[in-house]
Amino acid sequence: MSYDDVEIEDMEWNEELQSYTYPCPCGDLFQITKEDLKLGEEIARCPSCSLYITVIYNMEDFLADSNQQKGIQPSKQQPVTVA
């Protein structure tokens, strides 16, 4: 059972760790990467103790962000000429 359920909006982006973080009662930080979130992972773990939290987020936000960063455009229908 997770220590707590935390909204992604309540977490902070840590540029150095390249992870979303949230304070752990032990004094360290729960951590989860964008890549983990894109893969559907919802557990942020503390590297210093056995606690973990469940991250509440909308996966589509991270998938859309990934597609935009790669320059992927949604498929567009092409007109087809019929003779």
Can you list everything that forms a side chain to side chain contact (heavy atoms under 4.5 Å, CB included) with [X]? Sequence neighbours excluded, please.
X: Glu41; answer: Ile32, Asp36, Ile43
X: Pro23; answer: none
X: Asp28; answer: Cys26, Cys46, Pro47, Ser48

query = Should Ile53 and Met59 be regarded as members of a common hydrophobic cluster, given that ILVMFWY residues are connected when their side-chain heavy atoms come within less than 4.5 Å of each other, either directly or indirectly?
reply =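 Cluster IDs for Ile53 and Met59 match.
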query = Are Tyr22 and Tyr57 in one and the same hydrophobic cluster, where Ile, Leu, Val, Met, Phe, Trp and Tyr link if side-chain heavy atoms are under 4.5 Å apart?
reply =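 Result: yes, single cluster for both.
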query = Rounded to the nearest 0.5 Å, how far does SG of Cys24 lie from CZ of Arg45?
reply = 12.5 Å
query = Pairs in or reaching into residues 25-46: which pass ring-ring contact (aromatic ring centres under 6.0 Å, His included), with residues at least two apart or in two chains?
reply = none
Enumerate, atom names and distances included, each donor-acceptor pair closer than 3.5 Å involving a side-chain atom of residues 2-13, sequence neighbours excluded.
unit_1: Ser2; atom_1: OG; unit_2: Asp4; atom_2: O; d: 3.3
unit_1: Ser2; atom_1: OG; unit_2: Thr54; atom_2: OG1; d: 3.1
unit_1: Trp13; atom_1: NE1; unit_2: Glu15; atom_2: OE1; d: 3.0

task = Report the hydrophobic cluster partners of Leu39, with the cluster defined as I, L, V, M, F, W, Y residues connected by side-chain heavy atoms closer than 4.5 angstrom, directly or transitively.
result = none
